[in-house]
Amino acid sequence: MKKLLVLAAIVSFGLNALPVFAQPEPTGKDDRLVNCTSRDSLPERITRLEKEIAKGERVYTAAELDRLERKRDEAKGMLRVLMLGGKR
């Protein structure tokens, strides 16, 4: 009887702990791009930013999309300066 009670307690605690170990629900966001922590080359960064912008408002807020678009435009501008040597 004592073994059965201990086994029931272990199972009960184990089942209650499962949500703690559950993986968070993926949002589809690339937080590294939103929070400026990405270390990609400029062409890779532009490509990744365009992919994230294409996800639109189903994943990102309007403010986040605005920030991603500005970052993409800045990266394109830097690439243009590097490729053309500062000429317009």
Side-chain angles (χ1 to χ4, degrees):
M1 183 71 175
K2 188 176 182 181
K3 289 181 183 180
L4 185 61
L5 186 59
V6 169
L7 181 63
I10 290 172
V11 169
S12 175
F13 289 128
L15 290 177
N16 287 332
L18 281 178
V20 173
F21 298 110
Q23 299 248 342
E25 194 172 309
T27 60
K29 288 184 182 182
D30 189 348
D31 291 328
R32 292 182 303 162
L33 287 174
V34 175
N35 297 324
C36 299
T37 59
S38 178
R39 302 283 183 223
D40 297 331
S41 67
L42 282 175
E44 290 172 344
R45 184 175 176 85
I46 292 168
T47 302
R48 289 182 64 204
L49 284 165
E50 287 175 344
K51 284 181 184 177
E52 293 301 311
I53 291 169
K55 291 180 182 178
E57 291 187 359
R58 62 186 161 89
V59 175
Y60 292 101
T61 64
E64 289 173 330
L65 281 172
D66 214 26
R67 189 177 319 137
L68 289 173
E69 288 170 354
R70 278 192 313 250
K71 288 181 184 184
R72 180 199 55 200
D73 294 341
E74 289 173 8
K76 282 184 175 182
M78 283 190 281
L79 185 61
R80 186 178 315 114
V81 167
L82 290 172
M83 298 292 283
L84 300 175
K87 300 176 187 174
R88 292 187 180 236

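Everything quoted here is computed from the prediction, not taken from an experiment.
- With sequence neighbours left out, Lys51 forms a side chain to side chain donor-acceptor pair (under 3.5 Å) with no residue at all.
- For Asp66, the salt bridge (Lys or Arg N to Asp or Glu O under 4.0 Å) criterion is met by Arg70, not counting sequence neighbours.
- A salt bridge links Lys76 to Glu50: at least one charged side-chain nitrogen sits closer than 4.0 Å to a carboxylate oxygen.
- Lys71 contributes atom NZ, which lies 14.0 Å from atom CD1 of Ile46 (distance to the nearest 0.5 angstrom).
- Looking at heavy atoms from C-beta onward, Arg72 lies out of side-chain contact with Glu52 at the 4.5 angstrom threshold.
- The minimum heavy-atom distance between Leu65 and Gly56, with the atom names listed, is CD1-C, 3.7 Å.
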